[in-house]
Amino acid sequence: MKNALVIFTCLLILISCSTDAINSSDFEAGDTFTDSDIRVVQLDTMTVDFSTMKFDSIDTSQSARMLVGKYRDPVFGAVKTASYMELIPSSYYIDADAEYDSITFLLRPDNYYYNDTLQLNTIHIKQLTESLKPADGINFYNTSTIGFENEDLGTLAYYPRPLATDSLEIKLTDTLGQELFEDLQQKKITTYDEFKNYFYGISVQSGEDDNGSVIGFSLTSNMRLYYSIAGENEHVQYSTDFTINTSSSPLPFFNQISADEPNEYLKTLTDQEINLSSSETDNLSFIQSGIGIATRLEFPNIKTVFDIQGQGTLLDASLKIAPAISSYNDALALRDTLSVFIVDQNNELTSQLISTDGSAAQAILNRDNQEFNDVYYELPLSGYLEGLLSVDQESSDALILLPSNYNSTVDRFVLNTDINIQGTTLELTYAIYDEDE
């Protein structure tokens with residue numbers, strides 16, 4: 001199903017030409033241009049079609065972190081994350097005289113968090129019941145599933161301190177620890193293949209009733225088996241670490257990310273090719289990383305600039321998009337940047353948008369007048385729109401906005417797409433010369 005896209009009336013405001021206006025752009029004028037009478041046309045209500053789309057799945061096996069937690073969002077629903085991972089022993093040797101002590105899992109925060117860290121979070125560590133082999137043989141996705149035991153290996157209730165450097169140490173069941181200890185000590189397990197066939201891995205999950213935050217943990221987190229050997233005067237403690245496997249191909253690691261019972265608008269995004277027009281969502285558009293919800297941008301009437309008499313060139317273009325008032329706060333925070341990607345007519349991601357200076361294009365958050373609710377993202381678009389103007393046929397591609405680390409976060413945004421509202425506007429600066437031609 002394809003929804004109708006918003007069409008706004010195009011209003012042209014003519015202003016007098018000035019040296020400052022021309023010199024402030026990256027445009028390099030040729031002789032024809034400089035020898036002509038010039039005027040500058042500013043278009044500040046050019047048509048932009050905003051819509052929301054949702055990827056069928058996001059590759060989270062390439063995530064930079066573990067994501068663990070759950071919270072309830074008034075717009076996006078119950079957001080829940082869990083990590084699945086294969087572990088590798090750092091050593092397959094334990095001294096014959098050693099005695100088993102304990103086994104724990106060490107979770108190391110990596111400074112990422114989202115939502116309310118003042119609420120109690122719980123962690124449940126489960127043992128997997130099947131090996132981490134992706135269904136397509138290539139990658140795991142946010143929608144992937146792997147079986148696990150119902151009974152916990154270990155659990156912990158805690159108040160997150162994500163900016164702290166201390167690890168969370170979760171005691172695991174001695175049944176697991178004793179078995180691993182004996183199999184390594186008795187040389188029943190001596191290779192990677194033997195270990196992964198015996199112990200598939202673990203899942204780190206939140207509590208079903210949690211309503212707190214999603215916390216990022218480093219992939220240097222590990223399981224640790226403690227044992228001791230009797231010395232002359234006392235027992236000396238040793239340990240063997242089981243690290244997250246981040247080197248095999250395909251990677252036996254992924255974050256499972258879901259958002260249940262979102263608002264009625266988002267429930268309609270059941271297929272990747274659906275574009276939910278902002279005309280059907282009260283002039284709102286949505287973004288949620290991890291889940292793969294993105295704001296889609298099209299510029300169907302950009303070539304109406306050619307209706308202006310005379311030859312001309314695009315000097316500058318900037319899109320400003322305001323977050324919806326009351327859609328964000330200290331817990332549901334705005335990020336400083338949004339990345340820009342190109343998708344085809346089927347909403348397949350093809351590439352990241354590149355700016356005219358060769359860097360990755362970004363929408364930058366402007367908070368200069370935040371006390372007056374004048375907050376907006378600003379995205380330079382001169383290079384992209386010049387490309388649309390330079391081809392004869394209409395482009396079937398579109399732009400989408402997502403955080404750059406969309407497979408490693410759960411950041412969310414609600415944007416006000418009403419181009420008549422302060423903060424949301426497309427501004428074009430177009431220079432005209434040889435107007436009589």
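Heavy-atom basis, side chains included; hydrogens, waters and symmetry copies ignored. Predicted model only: the values in this text are computed from it and were never measured.
The shortest non-hydrogen separation linking Pro162 to Tyr113 is CG-CD2, 3.4 Å. In this structure, Ala294 and Leu402 approach most closely via the heavy-atom pair CB-CG, 3.8 Å. Heavy atoms only, all atoms of each residue included: Gly147 and Glu130 are closest at N-OE2, 2.6 Å. Between Gln352 and Ala361, the closest heavy-atom pair is NE2-O, 4.5 Å.
No hydrogens or angles considered: nothing links the side chains of Asp193 and Thr191 as a donor-acceptor pair under 3.5 Å. If you check the side chains of Asp56 and Tyr141, you find no donor sitting under 3.5 Å from an acceptor. Side chains of Thr350 and Asp344: a donor-acceptor N/O pair is absent below 3.5 angstrom, by distance only. No side-chain N or O of Ser167 forms a donor-acceptor pair with one of Glu169 less than 3.5 Å apart. Ser285 and Thr52 are linked by a side-chain donor-acceptor pair at a separation below 3.5 angstrom, with hydrogens and angles left out of the test. Remark: the Asn222 side chain and the Arg108 side chain contain an N/O donor-acceptor pair separated by less than 3.5 Å.
Relative ring orientation between Tyr377 and Phe413 is described as perpendicular, the plane-to-plane angle rising above 60° on a 0-90° scale split at 30° and 60°. Using a 30° and 60° split on the angle between ring planes, Tyr406 and Phe341 fall in the perpendicular class, above 60°.
Put simply, the side chain of Lys54 never gets that close to the backbone of Thr270: no donor and acceptor are under 3.5 Å apart. Judged by distance alone, with hydrogens and angles left aside, the side-chain atoms of Asn346 form no donor-acceptor pair with the main-chain N or O of Glu348 at under 3.5 Å.
Here the rule is side-chain hydrogen bond (donor to acceptor under 3.5 Å, both in side chains) with Ser278, and of Thr417, Thr295, Asp49 only Thr417 fits it. Among Asn407, Ile291, Leu349, the one residue that satisfies the side chain to side chain contact (heavy atoms under 4.5 Å, CB included) test with Ile58 is Asn407.
Here the straight-line distance linking atom CG of Asp330 with atom CG of Leu334 works out to 10.5 Å at 0.5 Å rounding. Interatomic distance, CD1 of Ile170 versus CG of Leu156, reported as 5.0 Å (0.5 Å rounding). Distance check, rounded to the nearest 0.5 Å: NZ of Lys70 to OG of Ser258 gives 8.0 Å.
Heavy atoms of other residues, nucleotides or ligands lying less than 6.0 angstrom from CG of Asp136 number more than 12. By the neighbour-count criterion of 12 heavy atoms within 6.0 Å, atom CG of Asp357 is densely surrounded, having more than that number from other residues, nucleotides or ligands. More than 12 heavy atoms of other residues, nucleotides or ligands sit less than 6.0 Å from atom NZ of Lys303.
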Hey, can you pull the donor-acceptor pairs under 3.5 Å for the side chains in residues 75-88, sequence neighbours left out?
from, atom 1, to, atom 2, distance (Å)
Lys80, NZ, Glu208, OE2, 2.4
Thr81, OG1, Leu67, O, 3.2
Thr81, OG1, Val68, N, 3.3
Thr81, OG1, Gly69, N, 3.0
Thr81, OG1, Gly69, O, 3.3
Ser83, OG, Leu67, N, 3.2
Ser83, OG, Asn255, OD1, 2.4
Tyr84, OH, Gln256, OE1, 3.4
Glu86, OE2, Tyr192, OH, 2.6
Glu86, OE2, Asn245, ND2, 2.7

* Asked: Please walk me through it: do Glu149 and Thr129 pass side-chain contact (heavy atoms from CB on, under 4.5 Å)?
  -> CA-CA 6 Å; Glu149 300 282 359; Thr129 58; 3.6 Å; yes
* To do: Go through the steps to decide whether Tyr384 and Asp397 satisfy the test side chain to side chain donor-acceptor pair (under 3.5 Å), and finish with yes or no.
  => CA-CA 11 Å; Tyr384 178 74; Asp397 291 345; over 6 Å; no
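In this structure, Phe195 has its ring center under 6.0 Å from that of Phe242.
Listed by first and then second residue, the salt bridge (charged side-chain N to carboxylate O under 4.0 Å, His left out) pairs that reach into residues 252-269 are Glu261-Lys267, Glu264-Lys267, sequence neighbours excluded.
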